[in-house]
2 protein chains.
Amino acid sequence: MNEKEQKILDTSLVLFVEKGFHGTSTAEIAKTAGVATGTLFHYFKTKEELIDRLYIYTKENILEEVEGDYDNNKALKDNVKSLWLKFVCLGLKEPYKFNFIMTFHCSPYITSFTKGRIEDKFVELLKVYKKGFNDNQIKEMYDELLMDCFWGNILNTIMHFEKNPEKMNNKNIDLSFELFWDGISR
Amino acid sequence: MNEKEQKILDTSLVLFVEKGFHGTSTAEIAKTAGVATGTLFHYFKTKEELIDRLYIYTKENILEEVEGDYDNNKALKDNVKSLWLKFVCLGLKEPYKFNFIMTFHCSPYITSFTKGRIEDKFVELLKVYKKGFNDNQIKEMYDELLMDCFWGNILNTIMHFEKNPEKMNNKNIDLSFELFWDGISR
DNA sequence: TACTAAATCGACTAATCAGTCTAATGAATT
DNA sequence: AATTCATTAGACTGATTAGTCGATTTAGTA
C-alpha cells in the first residue's frame, strides 16, 4: 500500500475515534496526514469510502494478529484463555483500533457488505473451538449468546484496564478471565 | 417542562443515537420536532447545551425508574438479580435511552461536571449492595472491577437481545444472569 | 530524450452548518 | 384598552463542509 494512503488511514483512525465521523473534516485529516485534500480524494472517492476501507483494514489487522492456535493436547479452558488473552493484550496495546471497531461496528457509515465480509472471518476463527464447547464442559446455550458473552467480556476487560491502568497486572487479568470462565462453565 | 422543550429533547435523543452529534443538524432536530430553529435556540443556548441537558434528563430518567429495593430478608443473589433485571428490562424497553448513555458517556460533548453529578447518584444506589458483597459470597475483587463487570454484563445482555429478539424469553434472560452470577460468586 | 499515466497539490465551489435577529404572536396584568 | 414580557417563527449570515478541477510534478518505459 502507498505511503500516503497508509498515512491517511492511520490519521483517520485516531481522529475518528477522538472526534467522531462527522466531527472530523476531510480537510483536517489531510492536513494532519500531511497531504493535500486532492490527494485524499484521489485515494478515497468519498469520506464514506474512507471509513469503510478503514474498517476493513483495522479489523483484518486485528484478526491477523490474533491467529488461532488451538492445541488438542491442552484443556479447553487453556485454549480459550490463550485466545481470550491474545485479544485482550492486543486491545490494550492498540486501544485506538479496538475503540474504532467498537464505536463504528453499529454505525450506518460502514456498509453492511463490509460488516458481513469481516464477520465471516471471525466465525471461521472460532469454529475450531466449537468442538470443545460441545462436550458438556460449559453451560447449555446457543452459539450467539456464547459468542456475545466471549466478545463482551473481552471488550469489557479492555475498557476496564484502559480506565484503571494502575490495576493492570497478571493477577487481575487472570481474575477477569475467571469471571468469564466460571460464568460459562458448568 | 414546556411541551416544545420536551419534544426537542425526545427528538434529539433519537436523532443523536441514529446519526451522531455532528451528524444531526439543529435544523433537522427543529424540523422533526415541529418547531422553528429560533425556538430550539430559545430553550437551549447552544447545541452543546442541548446534548448536555439531554444527558442529565435521560440518565436521571433511567435512575428514577430503576430505584433500588434492597430487601434484607432475601438472599444477596436474589437482591442482585432483582436490580440486574430492572436495568435489563428498562434497557430493552427503552433502547434509545440506553444507547444514548452508552454512546455519549465517553464523549467530549458532555461536560465532566454533568458526568460527575450523575455518577454520584449511581454510586449511591449501589452502596446498599456493597454490604452484601463484603461477606464472602463473591470472589475477592476491588470495587471498580465488580462494578464494570455488573454494568458490562447488563449492557451486553441488552445488546444481545436487541440483536436477537427471537431469543428473548425468561429462560434465556435467567441464563444470562447466571452467566454473570456464577462468574462473580465463589 | 520524449512520451504517458499516475500522483500530488491547493485554490475553488455549492451546499450546509450553528447561531442571530427582527417581527409577530399569545397571555396576563393593570 | 393599553402595557408588558415570554414564546414562536423563519429569513438571514458568516463560517465550515465534502468534494472538484486544472496545473504541476514524479516515475516508468521505449
Side-chain angles (χ1 to χ4, degrees), chain A residues 1-58 100 103-104 106-114, chain B residues 1-58 100 103-104 106-114:
Chain A
M1 193 188 299
N2 181 293
E3 186 204 329
K4 304 222 168 193
E5 196 178 351
Q6 179 81 51
K7 198 77 210 292
I8 291 167
L9 287 175
D10 292 344
T11 306
S12 303
L13 178 75
V14 175
L15 291 177
F16 283 153
V17 168
E18 283 177 358
K19 315 171 83 170
F21 179 62
H22 289 287
T24 309
S25 70
T26 50
E28 187 182 2
I29 296 170
K31 196 182 167 190
T32 310
V35 304
T37 62
T39 307
L40 188 153
F41 283 99
H42 172 74
Y43 287 108
F44 308 92
K45 258 181 284 224
T46 64
K47 197 183 178 185
E48 300 235 341
E49 189 191 311
L50 169 58
I51 200 173
D52 215 59
R53 278 175 48 199
L54 179 58
Y55 186 84
I56 296 176
Y57 170 73
T58 306
F100 175 75
T103 308
F104 291 94
C106 296
S107 126
Y109 318 129
I110 316 288
T111 64
S112 52
F113 173 74
T114 296
Chain B
M1 194 188 302
N2 183 293
E3 187 204 327
K4 304 223 170 192
E5 196 178 351
Q6 179 81 50
K7 197 80 210 294
I8 291 167
L9 286 175
D10 291 344
T11 306
S12 303
L13 177 76
V14 175
L15 292 176
F16 283 152
V17 168
E18 282 176 358
K19 317 170 83 171
F21 179 63
H22 289 286
T24 309
S25 70
T26 50
E28 189 181 1
I29 295 170
K31 196 181 167 191
T32 310
V35 302
T37 62
T39 307
L40 190 152
F41 282 101
H42 172 74
Y43 288 108
F44 307 93
K45 260 184 282 236
T46 64
K47 196 182 178 185
E48 301 235 341
E49 190 192 310
L50 169 58
I51 200 173
D52 215 58
R53 278 177 44 200
L54 179 59
Y55 185 84
I56 295 176
Y57 171 72
T58 306
F100 175 76
T103 308
F104 290 94
C106 297
S107 124
Y109 317 129
I110 317 288
T111 63
S112 51
F113 172 72
T114 296

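Just so you know, these numbers use all the heavy atoms, side chains as well, and skip hydrogens, waters and symmetry mates. All chains are named by letter (A, B, ...) in the order of the sequence lines, taking the proteins before the strands, and each is independently numbered beginning at 1. What you see is a predicted model, and the numbers here were worked out from it, not measured in a lab.
- Of the N and O atoms on the side chains of Y43(A) and Q6(A), not one donor lies less than 3.5 Å from an acceptor on the other residue.
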* To do: Determine, step by step, whether H42(B) and K4(B) satisfy the side chain to side chain contact (heavy atoms under 4.5 Å, CB included) criterion, reporting the C-alpha distance in whole Å, the side-chain angles of both residues, the deciding distance to 0.1 Å, and the verdict.
  => CA-CA 11 Å; H42(B) 172 74; K4(B) 304 223 170 192; over 6 Å; no
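- Once rounded to the nearest 0.5 Å, the distance linking CD1 of I29(B) with OG1 of T11(B) reads 8.0 Å.
- In this structure, F44(B) atom CZ and dT7(D) atom P are separated by 12 Å, rounded to whole Å.
- Inter-residue side-chain proximity for I51(A) and F100(A) is flagged as met; some heavy-atom pair is nearer than 4.5 Å.
- Atom OG1 of residue T32(A) and atom CD1 of residue I8(A) lie 11.0 Å apart, to the nearest 0.5 angstrom.
- Between Y109(B) and H22(B), a ring centre-to-centre spacing shorter than 6.0 Å is recorded.
- A straight line from CD of Q6(B) to P of dT7(D) spans 15 Å, rounded to a whole angstrom.
- Using a 4.0 Å cut-off between charged side-chain N and carboxylate O, R53(B) and E48(B) make no salt bridge.
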* To do: Spell out protein contact along nucleotides 4-22 of chain C as letters: B when the base is contacted, S when just the sugar-phosphate is, - when no protein heavy atom is under 4.0 Å; keep the 5' to 3' order.
  => ---SBBBB-----SBBB--
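- Axis deviation across the helix from dT1(C)-dA30(D) to dT30(C)-dA1(D) amounts to 0°, comparing end segments of five pairs, rounded to 10 degrees.
- Residues D52(A) and Y57(A) fail the side-chain proximity criterion, which asks for heavy atoms closer than 4.5 Å.
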